[in-house]
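Everything on this sheet refers to the single structure shown next.
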Number of protein chains: 2
Amino acid sequence: MANEKVTSNDVARLAGVSQSAVSRYFTPGTSVSKKTADKIKAAAEELGYRPNVLARSLITGRSRIIGLVVAYLENYFYPEVVERLSKALQDQGYHVLVFISSIASEGVDQITQEILDYQVDGIVLASATMSSELAARCHASGVPIVLFNRLQDDVRLSAVTSDNRGGGRQLADLLVSLGHTRCGYIAGFEGASTQRDREQGFRDGLEAAGLSLFAREVGNFRYEEAQAAARRMFAGAERPDAVFVCNDHMAFAVMDVLRFELGLRIPEDVSVVGFDDVPPARWPAYNLTTIRQSVDDMVAETVAMLMQSIKQGDGTARRVTLDGTLVVRGSTRTKAPTEETR
Amino acid sequence: MANEKVTSNDVARLAGVSQSAVSRYFTPGTSVSKKTADKIKAAAEELGYRPNVLARSLITGRSRIIGLVVAYLENYFYPEVVERLSKALQDQGYHVLVFISSIASEGVDQITQEILDYQVDGIVLASATMSSELAARCHASGVPIVLFNRLQDDVRLSAVTSDNRGGGRQLADLLVSLGHTRCGYIAGFEGASTQRDREQGFRDGLEAAGLSLFAREVGNFRYEEAQAAARRMFAGAERPDAVFVCNDHMAFAVMDVLRFELGLRIPEDVSVVGFDDVPPARWPAYNLTTIRQSVDDMVAETVAMLMQSIKQGDGTARRVTLDGTLVVRGSTRTKAPTEETR
DNA sequence: ATCCATTTTGCATACGTATGAAAGGATGAG
DNA sequence: CTCATCCTTTCATACGTATGCAAAATGGAT
């Protein structure tokens with residue numbers, strides 16, 4: 001109710017020094033004599049003074065705010081990203097302003113405009129892409145942008161991804177080595193680079209073994225749509241003997257349909273593999289073979305890129321691709337069947 | 001790189017009007033003539049001008065930022081909260097600054113100080129509590145605070161919770177009605193009000209039926225610790241025939257141990273119930289009977305409380321308790337066994 | 001005690017916007 | 001045409017802080 005803002009002037013008055021002395025005391029890298037420092041410290045503590053970040057950023061031009069655009073937290077890969085990224089940035093003295101973009105395309109641009117209004121020092125786009133026009137604008141404003149887990153043609157945009165194509169390839173190789181011959185694929189949102197790359201890598205791997213996709217359906221990265229896709233894929237007489245689902249989140253849906261609606265055993269009747277290695281993937285109920293994307297590594301790389309752009313004013317875009325790790329669990333059979341058991 | 005900030009002065013110059021006219025044009029509730037409005041609009045669009053939120057908040061005293069403190073996103077109840085809350089606040093023209101508090105007690109106060117540095121208009125503490133001292137400070141600064149899914153003794157703090165005690169009671173009544181007599185309880189973090197209230201309600205319900213807790217272990221809201229708790233609880237010769245786990249997240253861990261380590265059938269051998277109704281609870285793999293806390297309703301209430309405090313300057317704390325809904329699924333048996341089947 | 005080199009301090013101004021007060025302009029009634 | 005009324009517009013200032021510059025103070029060294 002009673003709004004008692006205490007400013008640097010109040011502290012200065014109480015300490016018997018000038019406002020600039022107070023400002024200097026709270027600005028790292030400036031020198032104040034021990035004596036006045038003590039006086040200011042005492043006065044500040046008595047009044048409970050803390051510098052106003054907003055006023056500070058008005059003059060320094062840096063807000064110490066990083067905008068994070070994230071499309072949907074339903075996929076449990078992203079909560080982990082939010083958590084790690086926030087923590088990592090907090091350690092650097094930055095904080096995260098979150099923006100949820102409901103719809104794919106138009107929304108992001110609109111949202112990003114709003115972000116820029118806050119004079120953010122950088123933007124992280126997770127599972128979202130932006131128009132080239134807006135990218136140019138951000139570039140012109142000197143606001144660095146990092147795409148997280150997405151790639152885009154625009155070369156002015158930095159990006160951190162894992163090797164999605166390589167990961168898809170690893171999964172194909174695994175399934176092939178286990179003797180699978182009828183491999184289905186359940187796609188994510190077709191506009192996503194992760195979707196395209198994972199599929200391409202998977203197809204490459206099958207092709208290298210003289211195989212091709214046995215079936216393909218689209219799940220759009222959503223649980224319910226993935227369920228429906230699985231139902232369609234297994235409706236026919238001849239069923240796949242293995243399925244690569246474009247991410248873990250959808251893989252859970254597929255496994256649930258196979259087991260509880262169709263009565264299939266995993267991995268005896270069909271192997272299932274996913275991508276991401278979110279926490280539930282290692283829960284015994286799913287025990288899913290997948291490709292691990294290290295959130296920690298991706299976050300560390302993202303923070304490093306942001307800090308470099310901010311501190312060095314380096315406007316050049318960089319792309320970093322981290323290797324994914326194949327994690328073999330119980331949703332894939334352990335070896336090729338020696339004789340036809342079906 | 002080349003930082004070209006375009007200010008209201010630039011727009012004013014181009015449009016041939018004063019800076020204050022530009023400001024008025026962008027401030028809702030002020031009047032500008034059609035003619036100058038058009039000129040300003042044209043100039044602003046040409047330059048790509050957007051008001052600087054930070055500068056604006058410096059003078060208005062409101063930042064349109066809400067600080068959100070959240071302890072851990074591992075429990076999938078909270079990602080949903082972050083998403084819905086962000087969206088709801090975005091609709092009101094506010095945005096969410098996220099703070100992750102790693103450790104329980106000390107961390108929150110430290111973090112909250114940092115939040116206040118950003119001149120936030122309000123604070124939401126999800127799964128976290130703060131010291132009374134700091135609460136007093138925020139109260140004095142006129143920054144409204146809403147505890148989300150937590151209660152605290154300090155009456156100056158507003159809070160939104162669901163009826164945890166009633167929910168615990170409902171679950172006890174259900175288990176009793178199904179003929180369970182050896183009911184175990186796996187607790188969350190003991191310092192949490194949700195933990196205490198749910199346990200109390202559960203005990204009340206058992207007591208009303210002439211029963212008492214058959215076993216009790218602590219899982220601290222963490223998956224791994226809940227697994228360990230389940231192992232301890234089922235190590236003895238006489239096992240519980242039903243378990244209430246303080247939240248869904250831990251319930252999944254318990255179910256996984258019961259099924260995949262101990263070979264027990266759910267619900268034939270043991271019924272399991274949880275609390276929250278996070279998305280995986282309705283996935284067939286778990287199909288968990290639980291109490292639904294409506295995130296949407298809780299968020300709506302939270303936003304309403306914040307808006308009232310901000311706009312009306314109403315400093316009085318309010319507490320809202322929403323009813324939880326019992327959702328009966330397949331992790332509880334459907335009726336009491338007619339004869340002893342063990 | 002004098003002078004210079006160095007550090008510390010205060011003054012004044014700027015950041016980009018909002019807003020009260022005053023001046024300007026339009027409009028209509030007489 | 002004059003005057004009063006109301007709506008627009010401009011002027012000037014304030015928000016809370018950082019920082020270049022000049023003034024003051026400090027500390028040696030002679």
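Proteins get letters first, then strands, A, B, ... in listed order; numbering begins at 1 in each. What you see below is based on every heavy atom in this structure, not just the backbone, and it leaves out hydrogens, waters and symmetry mates.
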Within residues 13-25 of chain A, the residues having a heavy atom closer than 4.0 Å to DNA chain D are A:Gln19, A:Ser20, A:Ser23, A:Arg24

Between C:dT17, D:dC15, C:dT19, spot the one nearest the side chain of B:Thr60, thanks.
-> C:dT19

Under a 4.0 Å N-O cut-off, is there an ion pair linking A:Asp121 with A:Arg64?
-> no

Interatomic distance where CG belongs to B:Asp117 and C1' belongs to D:dT17 [whole Å] | 13 Å

Using a strict cut-off of less than 4.0 Å between a Lys/Arg side-chain nitrogen and an Asp/Glu carboxylate oxygen, indicate whether A:Lys34 and A:Asp38 qualify as a salt bridge.
-> yes

Main-chain N/O of A:Leu73 paired to B:Glu83 side chain as donor or acceptor, under 3.5 Å | yes

Out of D:dT19, D:dT8, D:dT17, minimum distance to the side chain of A:Thr27 belongs to D:dT19

Anything under 3.5 Å between a protein N or O and an N or O of nucleotides 23-25 of chain C, put it in a table, one pair a line.
none

Rounded to whole angstroms, how far apart are OH on A:Tyr49 and C1' on D:dT17?
-> 7 Å

Nearest non-hydrogen partners of B:Ser86 and A:Ile100, listed with the distance | CB-CG1, 3.3 Å

In terms of the nearest nucleotide of DNA chain D, which residue is placed more toward the 5' end: B:Ala37 or B:Ala55?
-> B:Ala37

Within this structure, what is the CD1-to-P distance between B:Ile40 and C:dT17, rounded to whole angstrom?
-> 13 Å

Spacing between B:Gln119 atom CD and D:dC15 atom C1', to the nearest angstrom = 11 Å

B:Asn52 has an atom CG; how far is it from atom P of C:dC15, in whole Å?
-> 12 Å

A:Leu58 CG to C:dA18 C1', straight-line distance once rounded to whole Å | 13 Å

Touch class at under 4.0 angstrom, heavy-atom based, for B:Thr36 against every strand present = sugar-phosphate

Ignoring the backbone of B:Lys5, work out which of C:dT17, D:dT17, C:dG16 is nearest its side chain.
-> C:dG16

